[in-house]
**Student:** 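I'd like to ask some things about the structure below.
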Amino acid sequence: MAEVSSNMPPQLSRLSTTSYFPTIPRGVPKAAISYSQSVNEAPYTALMGVIVDGRYPERHAVTPRCRVRKQVGGTNRWRLPDSLGSDLLGSRQAIKSINMPYNTNMINIITAENPQSSLHLEAERPYVFHQVVDRPLTVSQVPSTASSKPGLGLLSRESTVLVRAPSRLRGPTPSTSGPIRKFIPANARPATPKDIFLYHSKKSQSFIGPDVVLKCLGMDWELHRPYLQKAEVLSQLLKQAGEPHMQKYYRNPASETLDTYIKKNNVYSNEYKDISNRLSMVEGDEEGPKKLDHPAHTSEKRISSVTMIKLDIKDPLITKTAIAVALGNLYHDELDVDMEDVANVLAASSHIGYKALQNGCARLMLNNISYKTVCRYHHACTKYQQEEVVKACERWLELNLLPELSDQIYLREISMELLQKILKSNRLYVPNEYTVYRTLSYWLFLQLNPSIQLMPSHSTVLSYFNSLPKTGSFLERDDGQIYGPLFSAVRLQGIIDTNQIRDMQLMNILPQSQLIDLLTQHYHALQGGGDMSALKHFNTGAIRQGFIIDEEPHYHSEVLSIHGFHFELKAARNAIGQLSIYMQRLKPGDPILSFRQCERHTFSIRTDREVRYCIMVQDSGDDLKTTGIVSQKFGLGEKVGKSEILQLDKIRTPLYISFSLLFPAS
């Protein structure tokens, strides 16, 4: 070994005994920075080819050390110094890049720590990363069994030594008495209820040990008496519990060992020391939760005078995580609740009597109603008397049940009672009558197949109901009769399309007698000039169709065709900025009609047709504007074929525009 060491280079000889710290590095070779320079000069060379002499600029050579980045988008044109020619966008980007100083991202790219610009500056030395303040120096370690051949000095890639860089490279040495930096691993374990409660309770900056132990959901929660006064139920339990007395706390051996180690070492911050004195919870094992005075749990270091209280909760909405968040919010005034748990935290705060947290959860719900949360929020707020949130959820469903929620898997969460209430609402937005039937068939499919995790396609729903026994319709079976009131909300007389009626026949959900009656009504209406003699009440029998304006409206038009009469449903902005909404009867061959409609559909040449109609405009709030129920005769002329115009001065999108009409006997 002595001969081997004598033949080794002096640098490796020093590495074998002591840690090596390199001196100030030399200047980077031109070959290593040539690519960065070419990137910096790319806009200048590109513009020179356009403005100066029309020459084709040279590109950086592709070498094993540097690979020229390929163009990945329109914003990277300046990286490739091609001749811009008449490329106005590329010229604009090149001019902008030379007039703009280096930003943080560009500086990081140019000065990046990477082997292309820093590797092998000195062949006789191992590669060393640039030093930063918060990272130790990484060097290779010479193995004890070095090569016997002089001059090679092979280094093992797998063996490394971590040493601290000298002070001249690291900067000022941080004080050892200050708090240590927190490290969060990339793949951290899921937070437990104990972790969540600790996160909230540590905000109180209380260094006094707990004096109340709450037994709830199979866990022991160590609390402080002053903070429990915010919760009415917990404060009442404290009054009934009597005086505190000495108790021995549960502390498992692993926790005691870790706490003792933390207290004896000065490298840990005070935060970790405080944690060990503030929280102790007991989770039930397979044999059931053990009592606090169990011999396996007693510890002389955890004896204190505490009050024992117990709260029994049997509610599927309340989880251990929700209780941890609710109890933790007792320790600070500001609301700290995740949106994913807000419904469960509302339930937990109701059981402990924390009114401030209940109101805070209600405010969060009001601002975050969507197709993912509306059903869950409505269920929780109905149970715990949050009427404002309940009304907001029902209002959201009136507008978005058919256009948005009907296409999402969350449709399964809406209850049958709530669904029936929304479908019978006079403010329900309906794109067309068939969407009501389709939404109900999808909801019924999800109720009968609770294991489905993705929203089924229309062909899947159609095939499922078509595969059921053909002895009768689904609503006539014993297990399908309870869904009859739901499908009674469908206004079948508004379903005119033959393909949609055929799908209804294949599904076999409705009794065949209803479908035959539907076809009979259509036939009589065609023969009777459009009269809907079977429909007496406008609010329950009018045919509905509508559209949504979710952008700045300038013009929107749709066609409603029924029993040989065709109407254009129109929303247009006039010269003074008002939005005019009306409907107009169309003549045969009108340009707005499609070729198929003009060629195949039935047209009535009746000069006047009495129509009862209503135009209603709603926004996402409570604003409602309507014409009311109007009776008018529509002719084929321009002056007699237009309805009453509903004008809006202030427009707040999205707008839900609905048209309802009925042909009375005339």
Side-chain angles (χ1 to χ4, degrees), residues 190-201 203 210 212-224 227-238 240-241 279-286 288-289 307-332 334-366 368-369 372-390 393 410 412-415 417-418 450:
T192 62
K194 177 179 178 180
D195 299 330
I196 296 173
F197 177 76
L198 176 61
Y199 163 76
H200 290 278
S201 62
K203 295 182 180 181
V212 178
V213 175
L214 171 65
K215 301 179 69 65
C216 181
L217 297 182
M219 298 180 65
D220 288 354
W221 309 84
E222 293 187 357
L223 308 172
H224 299 78
Y227 299 102
L228 300 188
Q229 305 306 316
K230 298 179 181 180
E232 297 178 0
V233 176
L234 296 183
S235 61
Q236 186 66 25
L237 290 176
L238 278 178
Q240 300 174 0
L279 183 62
S280 175
M281 298 183 182
V282 182
E283 296 192 20
D285 52 14
E286 298 179 356
T307 301
M308 301 290 299
I309 59 177
K310 185 177 181 180
L311 181 62
D312 294 328
I313 298 178
K314 295 181 180 180
D315 190 334
L317 285 176
I318 300 180
T319 61
K320 294 180 180 179
T321 300
I323 282 291
V325 175
L327 294 177
N329 274 269
L330 293 171
Y331 287 82
H332 48 81
E334 67 278 3
L335 181 66
D336 190 356
V337 180
D338 291 338
M339 293 309 307
E340 297 180 356
D341 304 324
V342 65
N344 305 96
V345 175
L346 172 66
S349 61
S350 300
H351 276 272
I352 66 175
Y354 191 5
K355 296 294 184 180
L357 184 56
Q358 287 180 256
N359 298 333
C361 291
R363 290 193 300 270
L364 288 178
M365 291 180 176
L366 286 174
N368 293 275
I369 298 177
K372 296 182 179 179
T373 60
V374 61
C375 299
R376 187 167 68 253
Y377 287 177
H378 186 274
H379 174 66
C381 294
T382 301
K383 188 173 183 178
Y384 296 104
Q385 293 83 39
Q386 296 293 330
E387 296 298 332
E388 187 177 2
V389 183
V390 171
C393 291
Y410 299 95
R412 74 192 328 158
E413 298 179 1
I414 187 171
S415 63
E417 295 77 11
L418 177 60

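For clarity, every value in this text was computed on a predicted model and none was experimentally measured.
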**Student:** Report the residues that fulfil salt bridge (charged side-chain N to carboxylate O under 4.0 Å, His left out) with Lys372, sequence neighbours left out, ordered by chain and then residue number.
**Tutor:** none

**Student:** Might you work through the side chain to side chain contact (heavy atoms under 4.5 Å, CB included) test for Thr373 and Tyr410, ending with a clear yes or no?
**Tutor:** CA-CA 8 Å; Thr373 60; Tyr410 299 95; over 6 Å; no

**Student:** If you look at every heavy atom in Ala348 and Ala326, which pair is closest and at what distance?
**Tutor:** CB-CB, 3.9 Å

**Student:** Say whether, by atom type as modelled, one donor and one acceptor occur between the side chain of Glu388 and the main chain of Gln386 under 3.5 angstrom.
**Tutor:** no

**Student:** Between the main-chain N or O of Pro450 and the side-chain N or O of Arg412, is there a donor-acceptor pair closer than 3.5 Å?
**Tutor:** yes

**Student:** What's the shortest heavy-atom distance between Ala362 and Val389, and which atoms?
**Tutor:** O-CG2, 3.7 Å

**Student:** Check whether any side-chain heavy atom of Tyr384 sits under 4.5 Å from a side-chain heavy atom of Val390, and report yes or no.
**Tutor:** no

**Student:** Any sub-3.5 Å donor-acceptor pair from Trp221's side-chain atoms to Leu327's backbone N or O?
**Tutor:** no

**Student:** With a 4.5 Å cut-off on side-chain heavy atoms, are Asn344 and Leu346 touching?
**Tutor:** no

**Student:** So which atom in Leu330 and which in Tyr227 form the shortest heavy-atom distance, rounded to 0.1 Å?
**Tutor:** O-CD2, 3.5 Å

**Student:** Partners of Asp338 by salt bridge (charged side-chain N to carboxylate O under 4.0 Å, His left out), sequence neighbours excluded?
**Tutor:** none

**Student:** Do Lys383 and Asp315 come close enough that some side-chain heavy atom pair is under 4.5 Å?
**Tutor:** yes

**Student:** Using a 4.5 Å cut-off on heavy atoms from C-beta on, say whether the side chain of His379 contacts that of Ser415.
**Tutor:** no

**Student:** State, to 0.1 Å, how close Ala343 and Met365 come at their nearest heavy-atom pair, and which atoms those are.
**Tutor:** CA-CE, 3.4 Å

**Student:** Starting at CG of Leu317, measure out to CZ of Arg376 and round the result to the nearest 0.5 Å.
**Tutor:** 10.0 Å

**Student:** Please name the pair of heavy atoms, one in Glu232 and one in Ser235, separated by the smallest distance, quoted to 0.1 Å.
**Tutor:** O-OG, 2.8 Å

**Student:** Would you give the length of the straight line joining atom CZ of Phe197 to atom CE of Met219, rounded to the nearest 0.5 angstrom?
**Tutor:** 9.5 Å

**Student:** With side chains defined as the heavy atoms from C-beta onward, is the minimum distance between Tyr377 and Val342 less than 4.5 Å?
**Tutor:** yes

**Student:** Calculate, to the nearest 0.5 Å, the distance between atoms CG and SG belonging to Asp312 and Cys216 respectively.
**Tutor:** 8.0 Å

**Student:** List the steps and the verdict of side chain to side chain contact (heavy atoms under 4.5 Å, CB included) for Val213 and Ile309.
**Tutor:** CA-CA 6 Å; Val213 175; Ile309 59 177; over 6 Å; no

**Student:** Between Thr321 and Val345, is the side chain to side chain contact (heavy atoms under 4.5 Å, CB included) condition met? List the steps.
**Tutor:** CA-CA 8 Å; Thr321 300; Val345 175; over 6 Å; no

**Student:** Could you grab the distance from atom CG of Leu366 to atom CZ of Arg363, nearest 0.5 Å is fine?
**Tutor:** 9.5 Å

**Student:** Taking distance alone, no hydrogens or angles, what donor-acceptor pairs closer than 3.5 Å link side-chain atoms of residues 353-360 to residues at least two apart or in another chain?
**Tutor:**
| residue | atom | partner | partner atom | Å |
| --- | --- | --- | --- | --- |
| Tyr354 | OH | Asn329 | O | 3.3 |
| Gln358 | NE2 | Ser350 | OG | 3.1 |
| Asn359 | ND2 | Lys355 | O | 3.3 |

**Student:** Within this structure, what is the CG-NE2 distance for the pair Leu418 and His378, rounded to the nearest 0.5 Å?
**Tutor:** 4.5 Å

**Student:** Which of these passes side chain to side chain donor-acceptor pair (under 3.5 Å) with Tyr331: His224, Lys230, His200?
**Tutor:** His224

**Student:** Within a strict 4.5 Å, meaning less than it, do heavy atoms of the Leu234 and Val212 side chains meet?
**Tutor:** no

**Student:** Rounded to the nearest 0.5 Å, how far does CG of Leu364 lie from CG of Asp341?
**Tutor:** 11.5 Å

**Student:** Given Ile414 and Cys375, is the side chain to side chain contact (heavy atoms under 4.5 Å, CB included) satisfied, shown in steps?
**Tutor:** CA-CA 5 Å; Ile414 187 171; Cys375 299; 3.7 Å; yes

**Student:** Are side-chain heavy atoms of Lys310 and Leu214 found at a separation under 4.5 Å?
**Tutor:** no

